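Worksheet: one structure, shown below.
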Protein chains: 2
Amino acid sequence: MVLYYSEYNKFLVAVDCIIFGFDGQELKLLLIKRNFPPAKGEWSLMGGFLKKDESLDNAAARVLFKLTGLQKVYLEQLYSYGEIDRDPGERVISAAYYALIKIDEYDEKLLKKYNAKWFLINDFPNLIFDHNIMVNKALKRLKRKAQSQPIGFELLPEKFTIPQLQKLYETIFQKEFDKRNFRKKILGFQVLQKFDEKEKKSSKKGAYLYRFDQDKYNRLIENGYSFEVNV
Amino acid sequence: MVLYYSEYNKFLVAVDCIIFGFDGQELKLLLIKRNFPPAKGEWSLMGGFLKKDESLDNAAARVLFKLTGLQKVYLEQLYSYGEIDRDPGERVISAAYYALIKIDEYDEKLLKKYNAKWFLINDFPNLIFDHNIMVNKALKRLKRKAQSQPIGFELLPEKFTIPQLQKLYETIFQKEFDKRNFRKKILGFQVLQKFDEKEKKSSKKGAYLYRFDQDKYNRLIENGYSFEVNV
DNA sequence: CCAAAAGTGTTCAGCTTACACCCATGA
DNA sequence: TCATGGGTGTAAGCTGAACACTTTTGG
């Protein structure tokens, strides 16, 4: 094999994952307590180094799987961080990804193995390196995306109620919505399929369950339809 | 120095720049004809390899300066590309950046030196590797950003007319606007400062010149003001 | 029977959109 | 004098925002 670029420097490349979950009340963040240097014992995002035989996307999926046991979850590249001294150990370029997971599906044993813990999005410890910056950017991205694309559903179970969905949007946008207007808006998109079943855990009356119809959404999108939640 | 991460693989890291300009009529893209292998003689984005002593942002600024002679221009990270075989020469991770430049300010000699040429945004040659994908993503980003932030001004000279601004938005969004509504909307933001001077190149009557007031915009932003162009 | 959450319609204000004519001037 | 692009106002429709009461049922 001919090496065209042999004169140039090579770098360590990492991926870091900002993992969001929703417990029905609050938006949460999954963090690990590092048990290796540098910054051993401090809180951090889950990360890992890129390997020769994998793409950045695959590396992020691998890291996410390693911690949660989950596959096929919403995972999107956020931003790449390349400041010279961002990692005090050695120079590392890091591609940050954020994931939206259904919080009741993660693997409890793996979380213990990696000293991982869920934190409230507005009450979590200081993180190592530039990880706080990454989390802030991920939150901004989540807000923007959730406004114009139906990604909120990634954080909810397959079947959910309108009040649950509203609570999710309220915690993402840190803002309360009028329930009549919210319901009108969301149902107006015509991408929710209603079940006859009710969810009765959070009220005596019970709330009807719905499901996001991805196929219908895809069809609507092709016709220039737009999903826009007013914040 | 202790090396914590010595067991991991290192990679070549590059930056590629999607450079946009506006000639008063059309949105344009600055491309170079590669005079080095692989893919010698083919059209490509301007790029370069990351050096030990510079951040990703600095590398992108260096590459942009090398080709255009311009500094302090609008330059934003777009996305990082890490597929294994994206560069047939050798494995390279590339961070793509996009730049908005004032088209009459670039350095003609440098463009000649690098075999660079401006192309219309909807009529440019096939590019090497994944550069077409990068350009598409940059275009989408530009559209989104221009809708919610006053970055269009980066593509215009310091003093510009309302019809020029409208033409710019029309070429970015590939859509015509009603001139009365456009003017109303833009002037309604109250961030344009009007001069008594007129620009008389494009009409006999002449059009008043304006300037984007960055300070005023910054002040408005602090108070929750939002710049939103309806498309 | 009562507390707690689910569910439901209407009105008003503001914004977006559509639309047509006069003005200034160089050639 | 005329062709060319610059500049201006108003009315209709739509969308977002505000707002209060009834229903259901477990405890």
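These figures come from a predicted structure and were not determined experimentally. Residue numbering restarts at 1 for every chain, and letters A, B, ... go by the order of the sequence lines.
Remark: E228(B) CD is packed, more than 12 non-hydrogen atoms of other residues, nucleotides or ligands lying under 6.0 Å away. K140(B) NZ: 12 or fewer foreign heavy atoms inside a 6.0 Å radius. Under a cut-off of 6.0 angstrom, the local environment of NZ in K66(A) is sparse, with at most 12 non-hydrogen atoms contributed by other residues, nucleotides or ligands.
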> Stepwise, does the ring-ring contact (aromatic ring centres under 6.0 Å, His included) test hold for Y81(A) with Y79(A)?
Replying inline: CA-CA 7 Å; Y81(A) 294 83; Y79(A) 197 80; 5.1 Å; yes
> Q214(B) and N218(B): side chain to side chain donor-acceptor pair (under 3.5 Å), yes or no, with the steps?
Replying inline: CA-CA 6 Å; Q214(B) 184 74 53; N218(B) 294 342; 3.1 Å; yes
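Of the options D130(A), L45(A), V135(A), a side-chain contact (heavy atoms from CB on, under 4.5 Å) to D16(A) is made by L45(A) and by none of the others.
Checked against the 6.0 Å centroid threshold, F153(A) and F160(A) count as a close aromatic pair.
In the 5' to 3' direction, nucleotides of DNA chain C lying under 4.0 Å from heavy atoms of chain B begin and end at dT16(C) to dG26(C).
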>> What does the B/S/- profile of nucleotides 1-9 of chain D look like, 5' to 3', with a 4.0 Å heavy-atom cutoff to protein?
In response: ----BBBBB
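Remark: P of dA18(D) and CG of N230(A) are 11 Å apart, rounded to the nearest angstrom. Between the CZ atom of F177(A) and the P atom of dG16(D) there is a distance of 12 Å, given to the nearest Å.
Minimum heavy-atom separation, Y208(B) to D196(B): CE2-O, 3.4 Å.
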